[in-house]
Amino acid sequence: MPRVGLLYPGHSAEDDFPALQSRLADRAGEPVELPLVHTSVGEDAHRVDALLDLGGDDRLAEGARTLTKEHDPDAVMWACTSGSFVFGWDGAHEQVRRLAEVTGLPTSSTSLAFVDACHAVGARKVTVAASYPQDVAEHFVSLLQAGGVDVTAMGSHGIITAAEVGTLGRDDVVRLVQGADRTGEPDAILVPDTAMHTLEWLDELEHATGTTVLTANQVTVWKGLDLLGASTQIDGLGTLFRARS
């Protein structure tokens, strides 16, 4: 079965991934392994300087060496949105390139996965429902636009730490997504924070909003499978996992 190794900073919503692995193990023909290693965190803060440190080469390389040694993955995902998009379009690609040099494996990040996912579902115009402060969320918008995705609106919720985002429950997440600004009639709502639990509620989020919803943990798993050419046709994980790669 495909084994997508995850590099995940700190502790907030990492339980989303083993829970998904367990659910998929119960479905014939859909098993996926999602081994996860925590990367080190200097300061848990949605602040640009802290995020640049979070996504630094040394922190990622240390985690990658542990991941490959202990779990022997087939592909690697840097499962962090803000710790990649703060480096900009070129910087996010360079970050992935250097990480791939350490692992010798197909590698990507959550930020770049969002761009690929938008193209996969035909979302040319999107709105962003961000948990981050405004200035941090604007960096995500810039990366999307550099990747050819038109951002028609963006809402930020000013949450400073990943730990706080990880405490948001189902009702909180539904309200956040339902409250997304629909100016410009976007094709999809993007929810860019791997610290937010979403994998159990993807179809519910799309039903509540009547549109495609792409979340950080969702696109991370999808892109990991896509790197391997593995099937991404999986029920219960939103429009993205019903679209053909």
Quiz item: Any sub-3.5 Å donor-acceptor pair from E62's side-chain atoms to T39's backbone N or O?
Solution: no
Quiz item: Are side-chain heavy atoms of C118 and L214 found at a separation under 4.5 Å?
Solution: yes
Exercise. Under the ring-ring contact (aromatic ring centres under 6.0 Å, His included) rule, collect the residues that match up with F140, sequence neighbours excluded.
Key: F85, F114
Quiz item: Any donor-acceptor pair under 3.5 Å linking the side chain of W78 with the backbone of G83?
Solution: yes
Practice problem: Scan side-chain atoms only and decide if Q95 and S109 contain a donor-acceptor pair under the 3.5 Å cut-off. | Solution: no
Exercise. Might you work through the side chain to side chain contact (heavy atoms under 4.5 Å, CB included) test for I159 and D193, ending with a clear yes or no?
Key: CA-CA 11 Å; I159 301 178; D193 197 337; over 6 Å; no
Quiz item: Between the main-chain N or O of D181 and the side-chain N or O of T127, is there a donor-acceptor pair closer than 3.5 Å?
Solution: yes
Quiz prompt | Side chain T152, main chain T183, donor-acceptor under 3.5 Å | solution = yes
Quiz prompt | R3 side-chain N/O to H71 backbone N/O, donor-acceptor pair under 3.5 Å | solution = yes
Quiz prompt | Check: Q21 side chain, L34 main-chain N or O, donor-acceptor pair, under 3.5 Å | solution = yes
Practice problem: Answer yes or no: is there a donor N or O on one side and an acceptor on the other, between the side chain of Q233 and the main chain of A243, under 3.5 Å? | Solution: yes
Quiz item: Under 3.5 Å, side chain of H157 to main-chain N/O of A130, donor-acceptor pair present?
Solution: yes
Practice problem: Compare every heavy atom of L143 with every heavy atom of A92, then report the nearest pair and how far apart it is. | Solution: CB-CD1, 4.0 Å
Quiz item: Taking all atoms of both residues into account, what is the closest heavy-atom pair of M196 and D16, and its distance?
Solution: O-OD2, 3.9 Å
Self-check item: Polar side-chain atom of S12 near backbone of A163 as donor-acceptor pair, under 3.5 Å
Solution: no
Self-check item: Value rounded to 0.5 Å, distance of NE2 in H11 from CG in D44
Solution: 11.0 Å
Quiz item: Using a distance-only test with no angle check, is there a side-chain donor-acceptor pair under 3.5 angstrom linking D15 and H197?
Solution: yes
Quiz item: Judged by modelled atom types alone, do T110 and T220 share a side-chain donor-acceptor pair under 3.5 Å?
Solution: yes
Quiz item: Transitively linked via ILVMFWY side-chain contacts under 4.5 Å: M77 with F241?
Solution: yes
Practice problem: Determine, step by step, whether D53 and R59 satisfy the side chain to side chain contact (heavy atoms under 4.5 Å, CB included) criterion, reporting the C-alpha distance in whole Å, the side-chain angles of both residues, the deciding distance to 0.1 Å, and the verdict. | Solution: CA-CA 8 Å; D53 175 67; R59 293 189 189 279; 2.8 Å; yes
Quiz item: Is a side-chain donor or acceptor of E204 paired with a backbone partner of L202 at a separation under 3.5 angstrom?
Solution: no
Quiz prompt | Connected via hydrophobic side-chain network under 4.5 Å: L60 and V102 | solution = no
Quiz item: Hey, quick one: are I234 and V219 part of the same hydrophobic cluster, counting side-chain heavy atoms closer than 4.5 Å, chains of contacts allowed?
Solution: yes
Quiz item: Does the pair R98/E101 count as a salt bridge with the N-to-O cut at 4.0 Å?
Solution: no
Exercise. Group every Ile, Leu, Val, Met, Phe, Trp and Tyr by side-chain heavy-atom contacts under 4.5 Å, then state whether V86 and V151 land in the same group.
Key: yes
Quiz item: Out of curiosity, E14 CD to L6 CG, how far, rounded to the nearest 0.5 Å?
Solution: 11.0 Å
Quiz prompt | Within one Ile-Leu-Val-Met-Phe-Trp-Tyr cluster: L240 and V149, side-chain cutoff 4.5 Å | solution = yes
